[in-house]
Structures are given as C-alpha cells and as structure tokens.
Amino acid sequence: MSEELMPDKNGRFGIYGGRYVAETLVPALEELSDQYELIKKDNKFIEEFRSDLAHYVGRPSPLYFAKRWTELLGGAKIYLKREDLNHTGAHKINNTVGQILLAKHMGKKRIIAETGAGQHGVATASVAARHGLECIVYMGEEDIKRQSLNVFRIKLLGAKVVGVSSGTSTLKDAMNEAMRDWVTNVDDTYYIIGSVAGPHPYPQIVRDFNAVVGEEVLEQSQIEIGKDPDVLVACVGGGSNAMGLFYPFIEKKNVRLVGVEAGGLGLSTGKHAAPLNDGKQGVLHGMRTYLMQDESGQVTETHSVSAGLDYPGVGPEHAWLKDIGRAEYVTADDEQALEAFKELTRVEGIMPALETAHGIAHVKELAPTMNKDQSIVVNVSGRGDKDINTVASIEGIEL
Amino acid sequence: MSSRIKEIFSRVKTENRKALINYIVSGDPNIETTLDIMNAMVEEGVDIIELGVPFSDPMAEGVSIQKGHERALENGTSLRDTFKLVEKFRETNIETAIVFMGYMNTFESLGAQEFMIEADKVGLDGILIVDMPPEESSDFTKYAEERSIDIIRLIAPTTSSARSKIICSQASGYIYYISVKGITGAGNLDAEDVKINVKELKQHTNLPIAIGFGIKDSASASSVKEVADGIVVGSVFVDLIGEGGDILKKVKDKTKELSEALS
Ligand SMILES: Cc1ncc(COP(=O)(O)O)c(C=O)c1O
C-alpha cells in the first residue's frame with residue numbers, strides 16, 4: 001500500500017496504529033474520524049486554517065541557511081526550518097490551531113490536553129483562550145518541576161494545570177489522566193492530543209496539521225537550495241515535528257529521512273527514551289507501536305533531559321516507516337544534546353529547545369560526513385527559553 | 001462457552017437471584033493474600049471473581065484501582081504469577097468462575113496462543129481486555145474459541161444500538177455493561193438510565209448481562225439489579241484492601257452485604 005493512503009480505514013499503518021481503547025471511547029473516536037474526514041475537504045475550514053496559520057502562527061516559517069555552523073562542521077550545507085519562530089515558540093501550535101477548529105465545529109465546549117515540555121500545553125491554552133473555551137492541561141509532577149516557566153504561561157493564558165503523580169509522573173501518565181478525563185466527560189469535551197500518537201484518528205490528524213512544515217520546506221528548498229535537500233533531520237518524541245517535516249517527502253525516495261530519539265544516559269544503560277532503537281512492539285495509549293517495556297509487558301520508565309522526548313512510545317507511522325526502511329532512527333544522548341544546544345546558540349545566535357537539540361546533535365555528526373554540495377534540513381521544532389532553568393541547574397547555576 | 005460461567009448464570013436464575021462478580025487486583029497486597037481474599041469471598045457467596053492483571057498504565061481505572069495495580073507491581077506480580085494463583089485456587093475450588101481483566105500489552109507479552117493454552121491448563125474461564133474492542137480482537141478471539149475460554153465484551157452508554165448488536169454477536173460468557181461514562185470507581189450512577197439501556201440491550205443478546213462501574217454497596221446494587229443478571233463490584237474491594245487492617249474480615253463483610261442484596 002502506498003504511504004499516501006496511510007492510515008487505512010482501520011487507522012493502521014501496516015500493523016501499527018489502530019484503536020485500542022475501552023468501548024466508551026470507540027464511538028467518540030468514530031465520530032471524530034467522520035467529522036475530520038468531512039471538515040478536511042471543506043473549503044471554509046481549509047481557508048480558516050490557512051488564515052490562522054498565516055496571521056496567528058506567523059507562517060510560513062523561514063528556511064534559514066546556517067552559514068557559520070556549516071563552515072564550522074565543514075561538510076553539507078545546513079538549513080534550519082525555523083518552527084521556533086512560530087507564535088508560542090514551537091511547531092506544536094500548528095496542530096492546535098487545526099484541532100480547535102475541529103472542536104468548535106463539533107460543538108465541544110471544554111478542551112483538554114496532555115503536555116510534557118509544556119509547549120503543547122501552552123499552544124492548546126493559547127488557542128482555547130482565543131476561542132473563549134475552557135481548557136484543562138494534564139502534566140506530570142516531574143515535568144511541572146522542570147518546565148515551570150511553561151506551567152506559569154499556561155496559567156496566565158487562563159487554563160488550569162492539573163498535576164499528575166501516578167506512575168512515573170511524566171508525559172505518559174499525563175496522557176493516561178487526560179484519557180480518563182475524556183472518557184468521563186466525553187459528551188462536551190474535546191481532547192487535543194499533542195503528538196502523532198494515541199488511537200486513530202489522532203496520529204493522522206496531528207500529522208496532517210503539521211504537514212505544513214514539510215510542504216513549506218518542499219517549496220523553500222527549491223528557492224534556497226535550488227533542489228531537494230539530501231537529508232531531513234528531526235527529533236522524535238511522539239513524533240509530530242518529525243512527521244510534519246517527513247510526510248510530504250515520503251514519496252521522494254531520493255531524500256533521506258532521519259529521526260533522532262532521546263538517548264538519555266546512553267542506549268546501553270537502558271536509561272533513555274528511544275523505543276524505535278531499543279523497544280519492542282506493544283500497545284499503549286490506544287495504539288500499537290514500538291514501546292519501552294519489560295518481558296511481562298509493563299511499560300518501563302524512560303529517561304531524557306528533555307521533557308518533550310521523555311515518552312516510552314512513539315507515533316505508529318514512525319514505527320511503520322522504520323519497518324519498511326523508509327526512515328532511519330538514531331539517538332542522541334543527554335550530553336550530546338546539551339553540547340548541541342550550546343553550539344547552535346553560540347554559533348548562530350539561535351537557542352533551540354532541548355528536544356530540538358537532539359536533532360541538532362545528530363547534524364553535528366552527520367554534516368561532516370557529507371559533501372559541500374549536499375544539504376541537510378533540520379527541524380528547529382522549538383525555541384529554548386523554556387529550558388533555561390534545566391540547563392542552568394545542570395551547570396550548577398541558580399537563577 | 002466456558003461451562004462454569006454458563007452454569008453459574010443458570011443456577012442463579014433458578015435460585016432467583018443475581019450473580020455477584022467481585023473484582024480485585026492480582027497480587028494486591030501480595031499474591032498469597034489474594035488467594036485468601038478469593039477464598040474469603042467464596043465463603044460469603046461470590047459467584048465470579050474478576051482478577052485484575054496488574055499493568056503500569058491502567059488507563060480505564062480510577063484512583064482506587066490504579067493504586068491496587070501499583071501495589072501489585074511493587075511486589076512484582078506478573079501475568080504468570082496470576083496464572084499460578086488460579087492453579088492454586090482450583091486445587092480447592094471448581095465452582096467459582098475466574099475471569100482475567102486487564103490491558104492488551106500484558107496479555108500479549110505471552111502471545112495469544114500461549115496465553116490460551118495456559119488459561120485452559122489452570123482452569124481460567126474468561127478474559128476481559130479493556131482496551132481490546134472487537135475491531136482489534138486479533139488472535140485472542142481465535143485461540144479463545146478453540147479452548148472454550150470466554151471473551152467478555154464491554155458495552156458502554158455511548159455504544160450505539162447498531163454497534164452493540166455487532167459486539168453482542170462476538171461476545172461470550174456474559175456482557176459487561178458499563179453503567180456510567182467514566183472510569184472505574186465513578187460516583188455518578190444513574191439507575192434509571194441504566195435500566196433503559198440494559199432493557200434495550202437485552203433485545204440484542206441472550207447472553208447474561210452484568211452491570212459494573214459505580215456500584216459499591218447494597219443500595220447501589222439494588223438500584224439496578226432488576227435489569228441485571230449479575231453485578232460487578234470492584235473499587236470498593238480494592239479500597240478495603242488498600243486500607244489494610246483485617247482485610248479478610250472487611251472483604252467478607254462487604255461480600256455478604258452485596259450477596260444478600262442480590263438474593
Ligand atoms: C520543541 C519541541 N520539539 C519536539 C517535541 C517532541 O514532540 P514531537 O516528537 O511530537 O515533535 C516537543 C514536545 O513537547 C517540543 O516541545
């Protein structure tokens with residue numbers, strides 16, 4: 001089956017994806033699928049979405065040639081897709097702008113979301129504020145500590161932050177709790193999932209709303225590079241910024257797609273968040289995908305310096321792209337990410353999010369192995385302001 | 001169909017009462033005590049025991065049962081331990097039906113075929129995989145049929161009439177009607193709504209219907225028993241176990257209260 005047609009009507013990407021949820025939610029997901037299929041062909045919706053992307057988000061985001069960094073690494077030309085310049089500071093806003101229109105179209109009054117790094121929480125709270133809808137954001141207690149700046153932003157935007165202390169108190173547990181809220185309030189509540197994860201149709205919806213990133217790169221690379229880039233690089237947590245960049249290029253087999261997972265303390269230590277590199281197939285959060293788990297099927301604790309990558313699963317489409325060999329998945333560990341964070345900041349005056357820094361770290365390795373007439377586009381999925389506390393505390397500095 | 005589950009429902013019918021189905025988490029607070037709890041429940045008239053298979057991410061559970069899963073995982077209880085528990089229970093009991101309730105990922109860790117071979121061997125009667133709607137049933141259905149293990153299906157207040165027909169056609173053992181939109185331990189049971197929905201559901205199936213979620217005492221059990229063939233009670237038992245103290249006495253008293261309410 002052509003990737004263009006993915007997912008199939010059962011929400012599957014090969015064997016991955018699907019809809020593994022309790023019965024109460026199946027009808028709600030069917031309704032969401034039906035409404036999405038209708039609205040995505042509706043001209044009024046398409047116009048409103050495009051207009052919001054232009055005037056609220058500030059799209060298109062630039063494709064920036066990193067001249068000094070390219071010279072420093074001494075290989076392929078490096079271009080940065082500047083999602084960090086979007087309103088609210090990350091790619092996450094693209095998806096929320098789309099989903100809030102869907103929520104309104106479906107007559108929902110109450111918006112819920114999960115968040116790890118807080119970027120999706122901020123993005124959801126922003127669009128909820130703009131549309132005057134009640135908004136509740138679930139966030140692991142661990143992440144509330146390390147992303148305190150974003151917690152305060154979410155509150156300023158008028159949303160309620162609910163701390164989650166079950167399980168590992170991170171993104172996966174926030175998602176469990178959001179699902180529990182949704183099943184309880186399914187009549188009036190719309191759940192805006194923040195990555196290409198969860199039960200069908202979420203992986204598809206979130207991909208489609210983020211695909212604008214790759215679509216712009218398709219055009220921009222003809223102008224800036226004069227041809228297709230040779231390699232696309234993006235960090236992978238749930239996988240939305242990567243999927244948004246990769247999707248429009250899937251049929252262009254001459255373009256290599258590289259996703260970078262969080263290597264944490266190193267793949268060999270087991271303390272990481274790299275299910276595509278070191279996980280097994282399983283079922284979590286309504287989807288079949290690669291999972292970090294033990295032999296008895298318990299989901300294991302993950303580790304990453306970046307809250308947004310600290311997730312034991314990954315979007316099912318990535319699992320599929322890995323299995324068919326269309327995309328490659330590598331890791332960058334905490335230390336490499338921190339080093340990359342500093343390098344991009346000093347060399348280009350662009351401070352990336354710690355999530356993004358994993359992609360940047362891989363470019364540092366990849367670029368020198370390529371020729372000067374080749375090019376890499378890396379998705380700068382978000383800006384680093386939110387991570388300043390984390391970086392400072394690692395350096396032993398109190399702010 | 002598992003003969004045990006079938007016999008239980010026909011027996012309670014002739015006895016003019018409703019089946020009492022108790023849920024606890026396997027290994028909460030530890031596997032030895034779970035066995036004692038099961039036997040204590042039997043003494044006071046439980047008909048079917050649903051054993052929660054501990055999972056790290058029990059998405060459909062409220063706080064009470066989440067805590068039960070956490071306690072069981074802290075002492076390392078696995079699916080294999082839970083099979084052994086049933087084997088042990090069967091040494092002294094062949095009447096009470098046992099159903100495993102849990103989540104896809106732990107069930108799959110064994111593989112569907114091996115799971116059913118093991119289930120058959122130890123004398124398990126049915127499984128209820130919360131996050132396995134009919135569309136995702138895969139191999140479990142196939143191997144369950146070969147071994148007469150029942151696949152208990154959920155029907156929710158959100159399930160349409162057309163959909164519940166399909167679900168009923170694939171179910172065996174009994175139908176588990178989720179009485180509220182929500183998670184286990186929810187407090188918003190609306191008995192009138194439940195009665196209307198279950199009456200409609202009965203037009204689609206001859207299988208017994210058990211009602212669960214939000215039932216915690218004789219009053220709530222009595223409020224819906226008229227339309228039910230069985231009542232499922234979970235969170236309140238897991239809470240009692242979590243409280244500690246004389247767990248067996250607490251569990252016995254509660255089981256007695258409920259089985260009397262259903263007679
Ligand atoms: C800036 C940024 N990049 C990447 C991610 C990871 O998510 P995804 O893999 O869905 O792009 C996050 C998540 O919070 C983020 O904030």
Given B:Lys181, which partner from the list A:Thr184, A:Asp187, A:Asn185 fulfils the side-chain contact (heavy atoms from CB on, under 4.5 Å) test?
A:Asp187
Shorter than 4.5 Å, heavy atoms on both sides: which option in B:Arg80, B:His69, B:Glu70, B:Lys67 has the most such pairs with chain A?
B:Glu70
Carefully, step by step, assess A:Arg12 and B:Glu135 under the rule salt bridge (Lys or Arg N to Asp or Glu O under 4.0 Å).
CA-CA 12 Å; A:Arg12 294 203 171 267; B:Glu135 293 83 353; over 6 Å; no
Identify which part of A:Gln298 has an atom lying under 4.5 Å from any heavy atom of chain B, answering side chain, backbone, both or neither.
both
Within the structure provided, determine whether B:Tyr103 and A:Val299 are in side-chain contact (heavy-atom separation under 4.5 Å).
no
Among B:Ala186, B:Gly182, B:Ala156, residue most engaged with chain A (heavy-atom pairs, under 4.5 Å)
B:Gly182
Using heavy atoms and a sub-4.5 Å threshold, report which of residues 271-283 of chain A line up against chain B, by residue number.
A:Gly282, A:Val283
Crowding at NZ, B:Lys88 (>12 non-hydrogen neighbours, <6.0 Å)
no
B:Ile129 portion near chain A, given a 4.5 angstrom heavy-atom threshold
neither
So which bits of residues 26-40 of chain A come within less than 4.5 Å of chain B, counting non-hydrogen atoms only?
A:Val26, A:Pro27, A:Glu30
Chain B contact via A:Asp181 - which portion, at a heavy-atom distance below 4.5 Å:
neither
Whether A:Arg180 side chain and B:Glu61 backbone form a donor-acceptor pair below 3.5 Å
yes
Is it the side chain or the backbone of B:Ile155 that comes within 4.5 Å of chain A heavy atoms, both, or neither?
backbone
Audit row: A:Val21, B:Asp131, side chain to side chain contact (heavy atoms under 4.5 Å, CB included) steps and yes/no
CA-CA 4 Å; A:Val21 293; B:Asp131 53 353; 5.6 Å; no
Contact leader toward chain A among B:Ile178, B:Ile167, B:Leu110, B:Thr159, where contacts are heavy-atom pairs under 4.5 Å:
B:Thr159
So with a 6.0 Å cut-off around NZ of B:Lys216, is the heavy-atom count from everything else above 12?
yes
Sort B:Glu136 into side chain, backbone, both or neither according to what part of it lies under 4.5 angstrom from a heavy atom of chain A.
both
What are the two closest heavy atoms between B:Pro133 and A:Tyr20, and how far apart are they?
CD-CA, 4.3 Å
Yes or no on side chain to side chain contact (heavy atoms under 4.5 Å, CB included) for B:Met59 and A:His285, after CA distance, side-chain angles and deciding distance?
CA-CA 8 Å; B:Met59 232 165 58; A:His285 292 151; 3.7 Å; yes
So, for A:Lys172 and B:Ser56, which heavy atoms are closest and what is the spacing to 0.1 Å?
NZ-O, 4.1 Å
Salt bridge or not between A:Glu23 and B:Arg153? Use side-chain N to carboxylate O under 4.0 Å.
no
Which residue out of B:Val63, B:Asn105, B:Thr158 racks up the most heavy-atom pairs below 4.5 Å with chain A?
B:Asn105
Chain B contact via A:Val186 - which portion, at a heavy-atom distance below 4.5 Å
side chain
Where do A:Ser296 and B:Ser78 come nearest, in terms of heavy atoms and distance?
CB-CB, 4.2 Å
May I ask you to name which of A:Gln293, A:Met175, A:Glu177 has the most heavy-atom pairs under 4.5 Å with chain B?
A:Gln293
Most contact-rich option vs chain A, by heavy-atom pairs under 4.5 angstrom, among B:Val180, B:Leu73, B:Leu79, is B:Leu73
